[in-house]
Amino acid sequence: MTRRPKVVAVIQARMGSERLPGKTVAELDGRPVIEHVIERAAAIPGVHEVVLAIPEGPANRPLAEAASRTGKAWVFAGSENDVLDRFCRAGRKARADVLVRITGDCPLLDPAVSGRVVKAVLDGRADYASNVDPPTYPDGLDTEAFPMSVLEASSRIVTVPSEREHVTSGIMNHPERFRRVNVAQDRNLSGMRWVLDQPEDLAFLRALYAAAGKRRGMLTTKQILDILERHPEIAKMNSHIKPNEGYYLSILKDPPKPSKKLKVTRSMALWKEAVRLIPSASQTFSKSPNQFVRGVCPLFLERGKGCRVWDVDGNELLDTTMALGPIILGYGDPDVEKAAISQLKKGTVFSQPHPLEVETARLLTKIVPCAEMVRFAKTGSDATAASVRLARYATGRDVVLAGGYHGWDDWFIGTTTRAGGVPKAVRALTDTFTYNDLGSVEAAFRKHRGKVAAVILEPIGVEEPKDGFLKELARLTRRNGAILIFDEIVTGLRISIGGAQEYYGVTPDLATFGKAMANGYPLSAVVGKAALMRKFDEIFFSGTFGGETVSLAASMATIDKMRSKDVIPHIWHQGRRLSDGFNTMARELGVEKHLRCVGLAPRTVVDILDDKGSDWWELRSLFQQECARRGLLFTGAHDICYAHKDADIDEILRIYAGALRRSAEAMRLKKVSQWVEGPLVEPIFRKA
């Protein structure tokens, strides 16, 4: 008869805490927090034994006494800082086959949820199972399970202090070695905070039990959700706190990522030739050599794989810009490449339409709320210009109100400082408004009364819509007889599979998609209501390569993969980790006023500002230089892709830790400009 695996729940706890000392023995519903945790861990289906793993020394005696009172756990004392070693030794002493990792700051742990995680390992589906990769349960229900042999194997390859402090980082950061399974639920509650780490958390937990009234004992997740629905003010008590701050601070304490000068010989030689042959030495302003510290940073890239790129001098760098956003799955994604190569062998363009045009259009109408019909193009500028022309024709009006960046065509670029070559008469036909300021839109409608054909905007840049701005904008636009266009070139297939319109629940009349829709292949689209889209039959919007088949095949493969895999939750999770980690470290170093990460998790940017709140180009240049020397191609943008794994985000954060420290020191010594070893990065849009 085969022996059943012995499952041991190991609770990691200590008395010391920088943010809330003694939190694990704080009183909650008449007894210490750790007793709640032990009771819930013991109730996890499949768990045979519970161990409380604490640091050695008399300071942690109150924890041992609490465990003894419950009669449901025995105590193992080990290293305070090398928690991974403490876990391994506790597991060996317990003769465990499978370990369940619980932390002592989770007094609302749900045994049923934890049981699902344990089952994933016992079923043989995984070397590591959790409900945090990405999370869909409230923070505080976190559970990890893994065979003892897997933890032992990871222990042998982990050397960085922060990884040994956080036990399972070695498993998480080596997906090529360990099979991982995530236990998720349909309703995403990961924004809720039920963990105990700061004084506000303790106040939240006590208020929750007080609101439960006479109901005592083990509150279920359903009961907790019911209480919070009746008392939303309780949930707000700790909602401002970011998760995993302790981990990010531990990364800041790790040995710094080594800084080394990069060889850029071939990059500089190519730049000198490009200046002679190509205006601005690039086809794209944002990729121009003047956007990088020349002589220090790579200027020409040769290849990419996953979330890494290699320049012409052979330097390997992590990338978060991802070609300005088109790379949503990762460079060279095998499924997309397979589809593209297969179609390439059959042909790229033909003398008549190809079936892929119909198939890709059909797919877009299934995923984009406003899409009833589709027209393809190649670039974002193609699509936005076509949508504006269509709106002008459909309304018989000429004026366009624009919010955001919409490409290089005359109708929009005439509103910027790059308006050279755009006739004044054309410039006069486009006006701008301020995002999140409905009054500025109303003023523009009054100014151009009866003449506005369309309102076009990026539904979100780095600032989220406030006070129902998008819904009110839609009402205002339609009330004035104009057409609402969402420019989703950036947000489409990134914020949500159907774009920001799906995420925010506001459906425009027309929308433009591009960038991420083909994972790097050139393709864009105008989508919208059929009654409007049919008017394309009456105006001129036509291009030889609009139906180019390789890009369409790549788009089909990209969208199919995004629908079948958890791509969107993944980039939200990793983007949030990167943003929260950056801001936590910047705050710890006292530079958050000058360096801050802003925006919605799938796409954030690093603002680098001087004392007056203006762009600080000297500091941007220094920060970029320090990132490059540590292995990151920094442009300020984080367009997270599916290939960004936990280990990549951790490595980027370690690079940022070094660059932030160097920047902080330069600011303290007033040496920012002097420490930049090349020409400064230049703004694309200069002041008028």
Side-chain angles (χ1 to χ4, degrees), residues 1-15 24-25 31-56 60-80 82-132 140-155 166-168 171 181 183 217-218 220:
M1 184 174 178
T2 304
R3 182 178 71 87
R4 291 176 60 193
K6 183 179 181 181
V7 180
V8 177
V10 180
I11 302 171
Q12 168 188 333
R14 63 190 176 106
M15 288 294 292
T24 47
V25 293
R31 54 192 177 134
V33 163
I34 194 63
E35 292 189 17
H36 290 266
V37 182
I38 292 171
E39 179 185 37
R40 288 171 178 264
I44 297 172
V47 166
H48 300 99
E49 203 169 288
V50 178
V51 179
L52 181 64
I54 62 174
E56 296 168 325
N60 292 283
R61 188 172 298 140
L63 286 168
E65 293 169 351
S68 178
R69 283 194 299 270
T70 68
K72 295 182 178 182
W74 58 271
V75 177
F76 177 85
S79 170
E80 173 144 16
D82 192 344
V83 188
L84 175 54
D85 179 70
R86 193 197 315 168
F87 255 76
C88 286
R89 291 173 60 202
R92 291 186 205 116
K93 186 171 182 180
R95 298 184 181 277
D97 297 304
V98 173
L99 293 178
V100 185
R101 180 180 179 237
I102 306 294
T103 55
D105 52 10
C106 294
L108 300 181
L109 186 79
D110 187 326
V113 173
S114 300
R116 291 181 62 199
V117 176
V118 174
K119 188 175 185 298
V121 173
L122 293 178
D123 288 349
R125 290 186 286 137
D127 298 319
Y128 167 90
S130 77
N131 59 349
V132 297
L141 271 60
D142 304 359
T143 307
E144 300 169 287
F146 36 83
M148 182 68 197
S149 59
V150 168
L151 189 68
E152 296 273 24
S154 74
S155 178
H166 290 87
V167 182
T168 56
I171 302 173
V181 166
V183 174
M218 196 182 297
T220 67

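Note that the structure is a prediction, hence the values are computed from the model and not measured. Numbers for residues simply follow the sequence, beginning at 1.
Taking CD1 of Ile38 as the reference point, atom CD1 of Ile102 lies at 12.0 Å (rounded to 0.5 Å). Between atom CG of residue Leu151 and atom CZ of residue Arg92 there is a gap of 8.5 Å, rounded to the nearest 0.5 Å. For the atom pair Leu99 CG and Thr168 OG1, the distance stands at 11.5 Å (nearest 0.5 Å). Atoms CE and CG, on Met218 and Leu109 in that order, are 9.0 Å from each other to the nearest 0.5 Å. Atom CZ of Arg86 is separated from atom SG of Cys88 by 12.0 Å, given to the nearest 0.5 angstrom. The line from CD1 of Ile11 to SG of Cys106 is 10.0 Å long, rounded to the nearest 0.5 Å.
A donor-acceptor pair under 3.5 Å is absent between the side-chain atoms of Asn131 and the main chain of Val183, judged by distance alone. Proximity of a side-chain donor or acceptor of Arg14 to a complementary backbone N or O of Glu80 within less than 3.5 Å is not detected. Not one N or O on the side chain of Lys6 forms a donor-acceptor pair closer than 3.5 Å with the backbone of Glu49. A donor-acceptor contact shorter than 3.5 Å is absent between the side chain of Thr103 and the backbone of Arg101.
Of all non-hydrogen atoms in Val121 and Ala129, the two that sit nearest each other are CG2-CB, 3.7 Å. The minimum heavy-atom distance linking Phe146 with Asp127 is given by the pair CB-O, 3.3 Å. Residues Asn60 and Pro55 share a closest heavy-atom pair of ND2-O, 3.4 Å. When all heavy atoms of Arg89 and Gly78 are compared, the closest pair comes out as NH1-CA, 4.2 Å. Shortest non-hydrogen contact noted between Val37 and Gly104 is CG2-O, 3.6 Å. Across Leu84 and Ser155, no two heavy atoms sit closer than the pair CD2-CA, 3.7 Å.
Between Arg40 and Ser114, the closest side-chain pair of non-hydrogen atoms is not below 4.5 Å. Inter-residue side-chain proximity for Glu144 and Val117 is flagged as unmet; no heavy-atom pair is nearer than 4.5 Å. You'll find the side chain of Leu63 reaches within 4.5 Å of the side chain of Val25, heavy atoms only. You'll find the side chain of Trp74 stays beyond 4.5 Å of the side chain of Leu52, heavy atoms only. In this structure, Ile54 and Val75 have side chains that are in contact, with non-hydrogen atoms separated by less than 4.5 Å. Pro45 has its side chain out of reach of Val118: every pair of non-hydrogen atoms, C-beta onward, lies at least 4.5 Å apart. Side-chain contact between Ile171 and Val150 is present, with at least one heavy-atom pair separated by less than 4.5 Å.
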Open item on the list: Show, in sequence, the C-alpha distance, side-chain angles and deciding distance for Arg4 and His48, and conclude whether the side-chain contact (heavy atoms from CB on, under 4.5 Å) test is met.
Closed with: CA-CA 11 Å; Arg4 291 176 60 193; His48 300 99; 4.2 Å; yes
Open item on the list: For a side-chain contact (heavy atoms from CB on, under 4.5 Å) check, start with the C-alpha distance between Val113 and Thr143, then their side-chain angles and the critical distance, and finish with the verdict.
Closed with: CA-CA 8 Å; Val113 173; Thr143 307; 5.5 Å; no
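Partners of Ser130 by side chain to side chain donor-acceptor pair (under 3.5 Å), not counting sequence neighbours: none found.
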